[in-house]
Chemist: 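Sharing a structure below in C-alpha cells format, with a few things to ask.
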Amino acid sequence: MSTTATRTFAVSPSSLSSNTDTTDKDGSLHRYTHLSTPSEIASTHFDLSHIPPSEHAQILHDFILVPDYLTPEEHDMMVKGATLKLKRALGKQVRYEDGHFDGVITRYRECSAGDWSSPFSATTSPSPDPFSNNDKKERTTPREMMDAIKSDFFPSTWTWVSPHILELEAGQGGIKPHVDHLDASGSVVAGLCLGSSAVMELIHQDDPQKWFRVLLPKRSFYFQRDSVRYSYKHGIPIEPEDHQFRGKVVSKEKRISVMLRNALDPSLHPDRPSAMY
Ligand code: OGA
Ligand code: MN
C-alpha cells in the first residue's frame, strides 16, 4: 500500500531540470548531488578539529547526517520490526557473537532483511525537506521506511542490496575501523540509528592523523558516500570510555542499525575481470 503519493518537491522539478546534472525525470539526481549536511547540524554533531578546514565542505558533502529523520513512533516501529527479524533469524536466545569472521565487530547480533526493500528504487514521492519530519507522512512499516529513504535521498534509477540489521550490545558492542567491502556494494553506505546514540569515528586510510567523529543520535539517518566511503575507515569505539564526542563520554545502550547499501555498478569497474570478458 502506498501512502506517500501526495508528497511533492519543495522546488518544482521543472526548475530543477535546468541544471545540467539532472539527467533523470524527477530531479532525484539533482537533489542527491547537491545534498550536504547543513552547518547548524555540523556544528553540533561533527568534530572536525583534526581535519584541515579546506576539506570540511567535502566531508559535509560526503557524510550526510539527518538527526531527527525518524519520528519517535517510526523509531519504535523500526525497533520492533528489527527485533522481530533478529529473533526469527537467530532464535529466542539473546547471544551476542564475540567477533565478526574478520574480527571487525564485537558483541553483536545481525541478520539481513531482504523483504524490507526491493532491489529497485521506490516509486514514492520524496519528502519536501528530508531534514525535517514536520510535514512528512508517517511511515508505518519497515518497508515504507526503506522506500522513503530511497526516494528522499537517492536517484530513482539506483538499485540496492538487501538491508542489514546490526544490533550492538550495551557496553562492549562496537565496530573496529574498516572500509566496507568494495566488492559487495557501491558508493553509498547508509544507516538508521536506533535505540541508542552512537559515536562514529572516521580515520583517513593513508593519513591516520586526519580523523573526524560524528555523533549519530537515536532516530537519525546518515550516509557516507564517495570520498568518505572510500578514503576513510569508519567504526564505533568498543570501550565505553572511548565512546566520546568532544571529550564527553556518550553512554552506550543497546543499539540497532539498519544498514542500506546501493548495488555495485559494474560499468564503473571496467578493469574488473568480470567486466572484461
Ligand atoms: C557496518 C557498519 C555502522 C553502523 O555494518 O559495516 O559500519 O552504523 N555499521 O552500525
Ligand atoms: Mn561498515
Side-chain angles (χ1 to χ4, degrees), residues 37 45-46 62-67 69-70 75 78-79 81-83 85-86 89-90 96-114 116-117 142 145-146 149 153 160-205 211-238 240 242-243 245 250-264:
T37 298
H45 291 77
F46 284 63
D62 287 353
F63 194 109
I64 303 292
L65 173 66
V66 187
Y69 186 66
L70 302 182
H75 169 270
M78 290 302 291
V79 169
T83 305
K85 272 261 171 247
L86 284 164
L90 307 173
Y96 290 97
E97 300 290 327
D98 259 320
H100 213 236
F101 65 98
D102 47 7
V104 166
I105 312 185
T106 59
R107 306 298 296 168
Y108 71 98
R109 306 196 300 153
E110 66 180 343
C111 70
S112 87
W116 282 9
S117 158
M145 198 66 243
M146 302 324 275
I149 289 172
F153 298 98
W160 298 87
V161 301
S162 288
H164 198 243
I165 298 167
L166 173 67
E167 182 182 284
L168 298 177
E169 190 187 28
Q172 296 281 324
I175 307 176
K176 291 181 194 156
H178 68 283
V179 172
D180 280 19
H181 289 300
L182 301 179
D183 293 343
S185 67
S187 59
V188 165
V189 179
L192 284 173
C193 185
L194 311 173
S196 174
S197 300
V199 176
M200 181 165 276
E201 181 168 70
L202 296 104
I203 307 168
H204 197 278
Q205 294 209 73
W211 60 266
F212 65 102
R213 282 189 173 203
V214 186
L215 178 61
L216 305 174
K218 177 174 159 178
R219 299 198 286 112
S220 64
F221 170 72
Y222 76 90
F223 68 90
Q224 41 170 315
R225 61 176 158 184
D226 305 328
S227 70
V228 173
R229 188 256 190 266
Y230 293 115
S231 302
Y232 284 80
K233 294 180 188 175
H234 59 279
I236 296 176
I238 292 164
D242 296 337
H243 193 249
F245 183 73
V250 175
S251 137
K252 279 166 97 183
E253 311 305 329
K254 180 170 89 177
R255 187 235 182 202
I256 298 173
S257 55
V258 178
M259 303 302 298
L260 188 63
R261 299 175 174 92
N262 63 333
L264 203 59

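Please read all numbers here as calculations on a predicted model, not as lab measurements. Both ligands and their constituent atoms are indexed starting at 1 by order of listing.
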Chemist: Name the residues with a heavy atom less than 4.0 Å from ligand 1?
Modeler: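 Ligand 1 pocket, heavy atoms under 4.0 Å: Leu166, Ile175, His178, Asp180, Met200, Tyr222, His234, Arg255, Ser257, Met259, Arg261.
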
Chemist: Which atom pair, heavy atoms only, marks the closest approach of Pro217 to Ser197?
Modeler: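 In this case the closest contact between Pro217 and Ser197 is CA-OG, 3.6 Å.
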
Chemist: Locate the shortest heavy-atom distance separating Thr37 from Leu65; write the atom from each residue and the value.
Modeler: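 So the two residues come closest at OG1-N, 3.1 Å.
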
Chemist: What heavy-atom pair brings Met259 and Arg261 nearest, and what distance separates the two atoms?
Modeler: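 Minimum heavy-atom contact is CB-NH1, 3.7 Å.
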
Chemist: Apply the side chain to side chain donor-acceptor pair (under 3.5 Å) test between Tyr96 and each candidate in Glu167, Glu169, Lys254, Gln172; give the one that qualifies.
Modeler: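 Looking at Glu167, Glu169, Lys254, Gln172, the match for Tyr96 under the side chain to side chain donor-acceptor pair (under 3.5 Å) is Glu167.
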
Chemist: Is it the case that the ring center of Phe63 lies less than 6.0 angstrom away from the ring center of Tyr232?
Modeler: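 No, the ring centres sit 6.0 Å or more apart.
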
Chemist: Under the side chain to side chain donor-acceptor pair (under 3.5 Å) test, which residues partner Gln224, sequence neighbours left out?
Modeler: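 With sequence neighbours excluded, Gln224 shows a side chain to side chain donor-acceptor pair (under 3.5 Å) to His234, given in chain and number order.
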
Chemist: Of the non-hydrogen atoms in Asp183 and Leu264, which two are nearest, and what is the gap between them?
Modeler: O-CD2, 3.5 Å

Chemist: For Lys85, enumerate each residue passing the salt bridge (charged side-chain N to carboxylate O under 4.0 Å, His left out) test, keeping only those at least two apart in sequence or located in another chain.
Modeler: Asp115

Chemist: Taking all heavy atoms of Ala198 and all of Arg255, pick out the closest pair and write down the distance.
Modeler: CB-NE, 3.5 Å

Chemist: May I ask you to list the protein N, O or S atoms found at less than 2.8 Å from the Mn ion (ligand 2)?
Modeler: His178 NE2, Asp180 OD1, His234 NE2

